[in-house]
Amino acid sequence: MTALAHAQGATVEAEIGRISGTEDGMTVAAKEAKMTDPYQAKQFVAESRVDFLAVTIGNVHGRYHSEPRLDFKRLAKVRQQLDIPLVLHGASGLPALMIQRSIELGVCKFNVNTEVRQKYLQFWREYGKTDSKRDLLDCQKASTGAMQEIIAQKIRLFGSAGKA
Ligand SMILES: [Zn+2]
């Protein structure tokens, strides 16, 4: 995959370890989650030549059902072994301090989705109650606006505002 992608000027992000929760229709139970091993990560990146590596350090795809606990010592060890940008999936619902610490320890990209989807669904649930005669296109625009609010908050939280 990396050979094909790199030949076309594209990049590849891989996820190593097993993150609990649901992503793209695949569900992993919390007890089956497996943290990223720093040395295995190094070997994997050397062999696969991926451009970005998503780590498993206690992050969860989807909603956190208890207080999030991230293994920052593990993240620091992964960072020591690798010189490519690290990624954190399951960043929805992580407190700002954990986001800050992750950035300090080398995370360059966060994947967030759950709160954006929730906002979208919330918009349509409320719209359904109003019995509005508004045009569908106006509603779609408004639902996009509702999601944009969340996305703008996240861009600020990740320290990316004004950097595009
Ligand atoms: Zn993922």
Side-chain angles (χ1 to χ4, degrees), residues 1-2 5 8-28 30 33 35-36 41 45 50-72 74-76 78-79 82 84-164:
M1 182 54 76
T2 50
Q8 300 298 321
T11 56
V12 176
E13 176 181 320
E15 186 174 71
I16 194 163
R18 298 189 75 189
I19 302 182
S20 68
T22 301
E23 181 180 50
D24 299 335
M26 197 183 102
T27 299
V28 175
M35 298 273 206
T36 301
V45 169
V50 295
D51 306 280
F52 307 91
L53 189 75
V55 295
T56 310
I57 55 165
N59 40 322
V60 169
H61 283 141
R63 217 174 298 199
Y64 285 81
H65 296 291
S66 56
E67 194 69 25
R69 293 181 62 189
L70 297 185
D71 185 347
F72 290 118
R74 183 177 296 272
L75 179 58
V78 173
R79 171 79 285 168
L82 297 174
I84 61 170
L86 301 179
V87 180
L88 199 65
H89 290 200
S92 292
L94 289 181
L97 280 174
M98 285 190 176
I99 297 289
Q100 284 310 315
R101 190 81 189 106
S102 302
I103 293 170
E104 287 162 15
L105 291 171
V107 172
C108 302
K109 174 175 174 271
F110 293 94
N111 283 24
V112 285
N113 186 2
T114 305
E115 290 145 307
V116 180
R117 287 185 185 206
Q118 279 170 353
K119 193 74 182 182
Y120 178 82
L121 291 173
Q122 184 194 336
F123 172 87
W124 285 106
R125 268 194 297 269
E126 281 163 19
Y127 169 73
K129 289 178 198 157
T130 61
D131 189 31
S132 171
K133 300 268 189 291
R134 283 188 293 177
D135 183 72
L136 177 65
L137 290 180
D138 291 337
C139 293
Q140 285 179 330
K141 210 179 268 179
S143 68
T144 302
M147 291 188 289
Q148 278 172 342
E149 276 175 38
I150 300 287
I151 292 164
Q153 284 170 19
K154 294 297 179 187
I155 288 172
R156 284 191 290 272
L157 175 63
F158 301 149
S160 300
K163 292 186 181 172

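All residue numbers in this chain count up from 1 along the given sequence.
- With sequence neighbours excluded, the residues forming a side chain to side chain donor-acceptor pair (under 3.5 Å) with Glu104 are Arg101, listed by chain and number.
- Take Arg117 and apply the side chain to side chain donor-acceptor pair (under 3.5 Å) test, not counting sequence neighbours, and it matches Asn113.
- Thr11 and Asp51 make their closest contact through CA-OD2, 3.3 Å (heavy atoms, listed as atom of the first residue, atom of the second, distance).
- Sorted by first and then second residue, the side-chain hydrogen bond (donor to acceptor under 3.5 Å, both in side chains) pairs with a member in residues 146-159 read Glu115-Lys154; sequence neighbours excluded.
- Put simply, the side chain of Phe72 reaches to within 4.5 Å of the side chain of Ser102, judged on heavy atoms.
- Of all heavy-atom pairs spanning Cys139 and Trp124, the tightest one is CB-CH2, 3.4 Å.
- With sequence neighbours excluded, the residues satisfying side-chain contact (heavy atoms from CB on, under 4.5 Å) with Ala5 are Ala10, Val12.
- Every residue two or more places apart in sequence or in another chain was checked for a side-chain contact (heavy atoms from CB on, under 4.5 Å) with Leu97, and none qualifies.
- In this structure Arg79 satisfies the side chain to side chain donor-acceptor pair (under 3.5 Å) test with no other residue, sequence neighbours excluded.
- The salt bridge (Lys or Arg N to Asp or Glu O under 4.0 Å) test applied to Asp71 returns Arg74, not counting sequence neighbours.
- In terms of heavy atoms, Ala96 sits closest to Leu157 at CB-CD1, 3.5 Å.
- With sequence neighbours excluded, no residue forms a side-chain contact (heavy atoms from CB on, under 4.5 Å) with Arg69.
- Residues satisfying the ring pair (Phe, Tyr, Trp, His ring centres under 6.0 Å) test with Phe123, not counting sequence neighbours, are none.
- The shortest non-hydrogen separation linking Ile84 to Val50 is CD1-O, 3.7 Å.
- Side-chain contact between Asn111 and Glu13 is present, with heavy atoms from C-beta onward closer than 4.5 Å.
- Shown here are the side-chain contact (heavy atoms from CB on, under 4.5 Å) partners of Thr36, two or more places apart in sequence or in another chain: Ile16, Ala41, Val55, Thr56, Val78.
- What you find for Lys163 and Gly159 is that their closest heavy atoms are NZ-O, 2.8 Å.
- Sorted by first then second residue, the ring pair (Phe, Tyr, Trp, His ring centres under 6.0 Å) pairs that include residues 85-117, not counting sequence neighbours, are His61-His89, Phe110-Phe158.
- Side-chain contact between Leu88 and Leu70: present, with at least one pair of heavy atoms (C-beta onward) separated by less than 4.5 Å.
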